[in-house]
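Step one of this worksheet: look at the structure below.
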Amino acid sequence: MTLTEPHAPAPADATTRALLEVEALDVYYGASQVLFGLGLTVGEGETVALLGRNGAGKSTTFKAIAGLAPPRRGAVRLAGRELVGVATHHIARAGIGYVPEDRQVFPEHSVEDNLTIGAKAGPKGARDWTLERIYDVFPILAGMRTRMAGRLSGGEQQMLTIARTLMGNPDLVLLDEPSEGLAPIIVVEIAKLIATLREMGVTILMAEQNMHFCLDVATHAAVIDKGVVVYRDTIDGLRANREITDRYLSI
Ligand SMILES: Nc1ncnc2c1ncn2[C@@H]1O[C@H](COP(=O)(O)OP(=O)(O)OP(=O)(O)O)[C@@H](O)[C@H]1O
């Protein structure tokens, strides 16, 4: 059960070590408050879906974690290290790979250049992700390595953005609405890809409005409403909880 205390970081599974802890986060745009003491935890190896309606605060939560929407109050810790007040590029170096909603590829560069531009060792010196491994997991990109990224379809650009982020060897990947604006057949491909990453043990926090997309992909779910995380459970717990899905996620 799992209605959460609004200000506490909603607990990860007791057996899992917390990788990301977000605690009592207040974020404002100018005078307008958007996150209200938001708490959220992502355990190592989990794929957590942050679900909520349009405007609930999903993107703002990600921006706050990535340092783009600095919180007025609260804490964001990655493996115990405080990230509030740390510059965005240092947050990336600390191990957070952020895939924003608007898919940022370098359109005038080839697929392979896009992958190598952001390549670096992870914070612990790990180079788990190499070009070879990327092409293994993203065979579609292997077939278009010399193509200009700007000529890729929306779905291919989404895959390239995820792949480019992995080349930075992050400890945690933030995926903001990975299924948004894509044709259903491509959404299925993106879902398979995320499931593959999950099986490989990559820790993922993804924002989604589309609950059905998450049911087969995520291990856990957190529900955000009006800037507060109101529920956290396993994905199966969410699936079984009609009250929560009807109240917060019905479209
Ligand atoms: N730059 C901004 N300036 C002012 N208000 C903003 C800004 N960005 C977002 N907001 C407002 O903050 C609230 C939360 O927006 P946010 O984008 O975080 O929601 P979301 O859950 O990601 O929704 P969506 O699926 O539409 O992206 C909304 O009311 C939105 O209008």
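Counting convention: from 1, in listed order, for ligands and their atoms alike.
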Give me the residue, atom name and distance of the protein heavy atom closest to atom 14 (C) of ligand 1.
Gly55 O, 3.3 Å
Under 3.5 Å donor-acceptor, Glu177 side chain and Ser179 backbone
no
For Lys120, does the NZ atom sit with more than 12 other heavy atoms under 6.0 Å from it, leaving out its own atoms?
yes
Rounded to the nearest 0.5 Å, what separation is found between the CG atom of Asn210 and the CG atom of Leu249?
10.5 Å
Atom 22 (O) of ligand 1 sits nearest the protein heavy atom Ser59 N, 2.7 Å
In one Ile/Leu/Val/Met/Phe/Trp/Tyr side-chain cluster, 4.5 Å: Val188, Leu197:
no
With atom 16 (P) of ligand 1 as the reference point, say which of Thr60, Asn54, Val34 has the nearest heavy atom.
Thr60
Basic-acidic side-chain contact under 4.0 Å: Glu46, Arg232
yes
Is atom CZ of Arg239 surrounded by more than 12 heavy atoms (other residues, nucleotides or ligands) closer than 6.0 Å?
yes
Suppose I only count heavy atoms of Glu101 and a 4.0 Å limit; which atoms of ligand 1 are within that range?
27 (O)
Are Leu78 and Leu40 linked, directly or through other ILVMFWY residues, by side chains that come within less than 4.5 angstrom of each other?
yes
Arg53 neighbourhood, listing ligand 1 atoms whose heavy-atom distance to it stays under 4.0 Å:
21 (O)
To check your reading of the model: name the closest protein heavy atom to atom 20 (P) of ligand 1, its residue, and the distance in Å.
Lys58 N, 3.5 Å
Within the structure, is a non-hydrogen atom of Gly52 found at a distance of less than 4.0 Å from ligand 1?
no
Kindly identify the option in Ala207, Gly57, Ala64 whose heavy atom sits closest to atom 19 (O) of ligand 1.
Gly57
Which residue and atom name correspond to the protein heavy atom nearest atom 5 (N) of ligand 1, and how close is it?
Tyr29 CD1, 3.4 Å
Can we say Arg133 and Asp136 salt-bridge, meaning some charged N sits less than 4.0 Å from an Asp/Glu carboxylate O?
no
State whether the shortest distance between N or O atoms of Thr61 and N or O atoms of ligand 1 falls below 3.5 angstrom.
no
Would you confirm whether any non-hydrogen atom of the protein falls under 4.0 Å from atom 30 (C) of ligand 1?
no
Residue, atom name and distance, where the atom is the protein heavy atom closest to atom 25 (O) of ligand 1
Glu177 OE2, 2.8 Å
